[in-house]
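Order of the sequence lines fixes the chain letters, A, B, ..., with proteins taken first and strands second; residue numbering starts at 1 for each chain. What you see below is based on every heavy atom in this structure, not just the backbone, and it leaves out hydrogens, waters and symmetry mates.
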Amino acid sequence: MTETSTKYNSKNTEIKWYQYWLEHKLFKSVPDTREPFTIVIPPPNVTGVLHMGHILNNTIQDILIRRARMQGKNACWVPGTDHASIATEAKVVNKLAEEGIDKHSVSREEFMDHAWDWTHKHGGIILEQLKKLGASCDWDRTKFTLDKDLSESVIKVFIDLYNKGLIYRGIRMVNWDTKAKTAVSDEEVEYKDEKSKLYYVKYKIVDMNEYITIATTRPETILGDTAVCVHPDDSRYKHLHGKQVIIPLINREVPIIIDDYIDIEFGTGALKVTPAHDENDYRLGEKHNLQSFNVFNDNGTMSKEALLYENIDRFEVRKIITDDLDKAGNLVKIEDYTNRVGYSQRTQVPIEPKLSMQWFLKMQDIVKPAIEKVNDETINFSPKRFVNTYNHWMENIRDWNISRQLWWGHQIPAYYISGTNDFVVAENIETALKLAREKNKNNNLTINDLKQDEDVLDTWFSSWLWPISVFDGIRFPENEEIKYYYPTNVLATGHDIIFFWVARMIIAGYEFRNEFPFKNVYFTGMVRDEQRRKMSKQLGNSPDPLHLIDEYGADGVRFGMMLCSPAGGDLLYSDSLPEQGRNFLNKIWNAYRLTQSREVDDEIKQPEHSKIALDWFNEKFNEQIAKLDELYDTFKLSEALMLVYKLFKDEFSSWLLEIVKPDYQKPIDRKTFTRLNEYFEQLLQILHPFMPFITEELWHQLRKRNAGESIMISNMPKPKPFHSKIINNFDVAKDIITQIRTVRKEKNISYKTKFKLFYSDNTNSFNSELQSVIIRLCGIENFSKTDIKPEGATHFVVKKTEFFIPLGTLIDTDAEIKRLKEELNYAQGFLNSVLKKLSNERFVKNAPADVIEKETMKQADAEAKIKALEEQILNLNS
RNA sequence: GAUCCUUUAGCUCAGUUGGUUUAGAGCGCUUGCUUGACAGGCAAGAGGUCGGCGGUUCAAAUCCGCCAAGGAUCACCA
């Protein structure tokens, strides 16, 4: 990039400064005497790649951490990844399958080797990608949920909860993923509306020449039926109470049971009962002591117990059995029907409800502090409305199925002694042996008599400890790091994982440290396309983030993502967003070029207009950064960025720079130059959290810096008292200037043509100090007060002051009158609304004094303005 | 089905405990401006009966009720 280039080139700059930051270890944090500011990254899937959601989420975290660092806090952002049991195992299984290897033909150890190979090869790419975004994580702290220390923490917690009696093992109806061949939690099931069929099938009654017809969406489960259920009050079936029916095709005799769970109105009012494959049927089965046949294999094909169609897929069987039922004369009819089908979030196959032995965590009691501390705002949610969602889930929480029938993950530390119900829980096999010998009072037991549970723990069972375990606070609760960094300050994450993560981390925080894991939770929205569709691979509507960074610069992308991203609200992405960011980068770059483009002359005196403008900007800046702090503190980051953007673009570039700019090729005075640079530097500082690269680049160009110095550890400007009066005065000048510009435009007068400006000020309200600024920006050759209203002049009124620009023949009197009349109209309308209030007795009686005073002042101002306008119109008419 | 949220300019959103001008911003749009930091720019401008109806109040985008549309979460009947 050359000094004279009119365009900012982000690419080289970004590589250079990220290198510099790493070299000088500027992201590194170690405990010291400063106040800590901690963020733990929501760990992405180790095999994942960066998508737009990550960009948004991590930009937010980087903004918060960079600001804290510049405020002098000891900022620590801990990066890392999670092992994503199901997703990663699926990928490894697929890879093995491609090589012709079946998972079950290799040992657990061999499989784990393959999985680690895969992880080392493909894992952590996402962290490298975050560096391109400018993420200022302390990379030396990078953690992985399967690291030794984190794994030990998970096992320790399992044992602890087991010993407290909160973890139990039991047969339950679980959500079975037939592709991953594991149970998944309720939260991992997505329901979708689906067009399906309702099949009406008749079952013969034993010893009667009669049939009972049931309706089902899943005819393949008929093979597992062990009863037909009717409502006790259903008159259609009263005569069948106590009878047996024959299951078609397999001719099994099962009872007709009676239960008021039945909805008489639905279908035929008769329900087939399949206790092994439906949650409600399971309950009926328990209540009525029914048999249970598991008609599916783990992979979703029919099992031996089905008696028919063994090893054929469940959806294939649905078609076959429909035909067979038809042939056998049992199919009555088929209707179209819409119902909701659960799909596995990970593999997108339909969930099969299945009875199986799983490990559960009792939730009822351990959620209590987590509910309380969110509701009393010990933990602050932004936006607040997510507290409702949180409460709803927490108050209806069900026990958490924490076991997964997988190998990739933390193997459950339970050791079976003999059979399946005799086991001990211990952190290793040696301790397990000791416990087993004690438990069975049998010192002859050896390690060979023990067999560890095959299953692993849910990935979230390790990530819920993340804010604690990354500082090793589970294994060593009193270590310096956990005591210094915990609790953390902010968690920034998508609202879609409020239950998976946020809620469970809060639970873990209180359970294991008796303290909240983070003070604030910032929920981001979803990134969608312009039609509000979610970004997805299938639609191909998601841009490649790295490509965007390449094209618009990381700073540009960060700007684009933040500008339109209200907390919790969805972000509708379009390329115009990073484009705006890139344009702004260019603006900053060129503003810098302007400030440095002139020779500095110590001899020339500072012009008055420059001094006035600089003084004004000083006040404006202080006013704005006070607002900025407020916006940060309430997590209104989009608004914070907008404020900085406007401050730089409008106030600094368009007003200040235009005023202090010396004439073409003339030098600039020393005083102005110095102050400009001071303000420029401060602007770079407040811009830095949002756009770290360009600000670092220009901060270094601005002055010679020592090796290792960086804007990212400079002191963030603090709000100072400011004078609103100076700001308000300047606003009047802006108003006048805008009016003059409008005159030029309407009359088509070139900016090169100079003209005279007069004002008539009976009320002495015009602050003539600002004359020099107006002259500077408006090409005025003479600006003076007059008592005689000039002929052939255009008019405007600002506040109570009338202004005249004599334009001689350029004046179109009729148009002038028309414009003034419109203005008069508005002023009169306004005055009326004020008078209406003031003439209302009850208003005058009830409203507070200051409100009435304001209204009275509005009245006076409006009347003065109307008077001025009326006079002008009168003059033009005469 | 239950609970909750949203509805303000063409689009995305601000708008504090009701009262500083008959509502603001960014983008988009319209018009004008090429020697001057930047056309990836500058300047000026148009555009809204604050979803609808009713109520409370001296005063409602703001509080309350009903209705309508959209969305979210949870649950789920075969």
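- Rounded to whole Å, the P atom of B:A9 lies 27 Å from the corresponding atom of B:C4.
- The side chain of A:K646 sits closest to B:G26 out of B:G26, B:A37, B:C76.
- Straight-line distance between the P atoms of B:U57 and B:A14: roughly 31 Å, to the nearest whole Å.
- For the pair A:K649 and B:C27, the criterion of a side-chain N or O lying under 4.0 Å from OP1 or OP2 is met.
- A:D281 comes within contact range of no nucleotide atom at all, as no heavy-atom separation falls under 4.0 Å.
- Within the nucleic acid shown, A:L271 comes within 4.0 Å of at least one base atom, counting heavy atoms only.
- Base pairing of B:G70: its partner is B:C5, meeting the Watson-Crick or G-U wobble criterion (both donor-acceptor distances under 3.5 Å).
- If you check B:U62 for Watson-Crick or wobble pairing at under 3.5 angstrom, you find it has no partner at all.
- Between A:D663 and A:R776 a salt bridge is recorded (basic side-chain N to carboxylate O distance below 4.0 Å).
- Between A:Y592 and B:C38 there is no side-chain polar atom (N or O) within less than 4.0 angstrom of OP1 or OP2.
- A donor-acceptor contact under 3.5 angstrom links the side chains of A:K384 and A:N380, judged on distance only.
- Atom P of B:G24 sits at a distance of 14 Å from the matching atom of B:G19, rounded to the whole Å.
- When heavy atoms are screened at a 4.0 angstrom cut-off, A:R582 is found touching base atoms of the nucleic acid.
- At the heavy-atom level, A:K837 lies nowhere under 4.0 Å from the strands shown.
- When each of A:L563 and A:L585 is assigned the nucleotide of RNA chain B bearing its nearest heavy atom, the one mapping closer to the 5' terminus is A:L563.
- At least one donor-acceptor pair under 3.5 Å links the side chain of A:N586 to the backbone N or O of A:Y8.
- Under the Watson-Crick and G-U wobble criteria, each requiring two contacts below 3.5 Å, nucleotide B:G36 is left unpaired.
- Across all strands shown, B:G28 forms no Watson-Crick or G-U wobble pair with both distances under 3.5 Å.
- Closest approach to the A:T216 side chain among B:C27, B:C77, B:A78 is made by B:A78 (side chain taken as heavy atoms from C-beta onward).
- The distance from atom CD of A:E530 to atom P of B:C13 is 13 Å, rounded to the nearest whole Å.
- In this structure, A:K666 does not reach the B:G36 phosphate: none of its side-chain N or O atoms is under 4.0 Å from OP1 or OP2.
- For B:A37, one of the phosphate oxygens OP1 or OP2 lies less than 4.0 angstrom from a side-chain nitrogen or oxygen of A:K661.
- Under 4.0 angstrom from either OP1 or OP2 of B:G41 there lies at least one side-chain N or O belonging to A:N583.
- Between the P atom of B:U3 and the CZ atom of A:R385 lies a distance of 19 Å, rounded to the nearest Å.
- Side chain A:K745 to base B:U31: a donor-acceptor pair is found below 3.5 Å.
- By the 6.0 Å contact criterion, CD on A:E853 is open, its count of non-hydrogen atoms from other residues, nucleotides or ligands being 12 or less.
- Among the heavy atoms of the strands, none lies under 4.0 Å from A:N396.
- One finds a side-chain N or O of A:N280 lying less than 4.0 angstrom from the OP1 or OP2 phosphate oxygen of B:C77.
- A 4.5 Å side-chain heavy-atom check between A:R218 and A:R318 finds at least one atom pair inside the cut-off.
- Within the structure, every side-chain polar atom (N or O) of A:S653 is placed at least 4.0 Å from both OP1 and OP2 of B:C38.
- Taking atom P on both nucleotides, B:C74 is separated from B:C63 by 28 Å, rounded to a whole Å.
- A:F559 comes within 4.0 angstrom of no nucleic acid atom, judged by non-hydrogen atoms across all strands.
- The base of B:C58 lies outside donor-acceptor range of the side chain of A:K845, with no N or O pair under 3.5 Å.
- Among the nucleotides B:C4, B:C27, B:A78, the one closest to the side chain of A:N388 is B:C4.
- Residue contacts for A:T268: at a heavy-atom cut-off of 4.0 Å it reaches no nucleic acid atom on any strand shown.
- Look at the C1' atom in both B:C64 and B:G71: the space between them is 24 Å, to the nearest Å.
- Checking the phosphate oxygens (OP1, OP2) of B:U12, a side-chain nitrogen or oxygen of A:R532 falls inside 4.0 Å.
- Within the nucleic acid shown, A:S654 comes within 4.0 Å of sugar-phosphate atoms alone, with no base atom in reach, counting heavy atoms only.
- Whole-Å rounding puts the A:K384 NZ to B:C5 P distance at 15 Å.
- A salt bridge is defined here as a Lys NZ or Arg NE, NH1 or NH2 lying under 4.0 Å from an Asp or Glu carboxylate O, and A:K858 with A:E855 meets this definition.
- Rounded to whole Å, atom C1' of B:C33 lies 16 Å from atom CD of A:E746.
- Taking atom C1' on both nucleotides, B:A46 is separated from B:U31 by 10 Å, rounded to a whole Å.
- For B:C77, there is no paired nucleotide, since no Watson-Crick or G-U wobble pair has both relevant distances below 3.5 Å.
- The phosphate of B:G15 (OP1 or OP2) has a side-chain N or O of A:K636 nearer than 4.0 angstrom.
- Nearest-nucleotide mapping onto RNA chain B: of A:Q580 and A:T742, the residue sitting toward the 5' end is A:Q580.
- With rounding to whole Å, A:L571 atom CG is found 16 Å from B:C27 atom P.
- Nucleotide B:U22 holds its P atom 5 Å from the CZ atom of A:F830, rounded to whole Å.
- Here A:S597 lies out of heavy-atom contact (under 4.0 Å) with every strand.
- Within 6.0 Å of the CD atom in A:E395, the count of heavy atoms belonging to other residues, nucleotides or ligands exceeds 12.
- Residue A:N748 is out of contact with every strand shown, counting any heavy-atom pair closer than 4.0 Å.
- Between A:E579 and A:S576, the side chains place no donor N or O within less than 3.5 Å of an acceptor N or O (distance only, hydrogens not considered).
- A straight line from CD of A:E855 to C1' of B:U21 spans 9 Å, rounded to a whole angstrom.
- One P atom belongs to B:C38, the other to B:G48, and the distance between them is 37 Å to the nearest Å.
- At the heavy-atom level, A:I498 lies nowhere under 4.0 Å from the strands shown.
- Under the ring-ring contact (aromatic ring centres under 6.0 Å, His included) test applied with A:F680, the options A:F673, A:F652, A:W589 reduce to a single match, A:F652.
- Comparing B:G19, B:A23, B:A14 by their closest approach to the side chain of A:Y826 singles out B:A23.
- B:C50: no Watson-Crick or G-U partner with both key distances under 3.5 Å is found in any strand.
- The distance from atom NE2 of A:H392 to atom C1' of B:A75 is 8 Å, rounded to the nearest whole Å.
- A:F584 comes within 4.0 angstrom of no nucleic acid atom, judged by non-hydrogen atoms across all strands.
- Taking atom P on both nucleotides, B:G15 is separated from B:A59 by 26 Å, rounded to a whole Å.
- A donor-acceptor contact under 3.5 angstrom links the side-chain atoms of A:E658 to the base of B:A37.
- A:R598 contributes a side-chain N or O that, together with a main-chain N or O of A:P662, makes up a donor-acceptor pair within less than 3.5 Å.
- Here A:S833 reaches the OP1 or OP2 of B:U22: one of its side-chain N or O atoms lies under 4.0 Å away.
- Contact between the side-chain N/O atoms of A:Y390 and the OP1/OP2 oxygens of B:A72 is not found at any separation under 4.0 Å.
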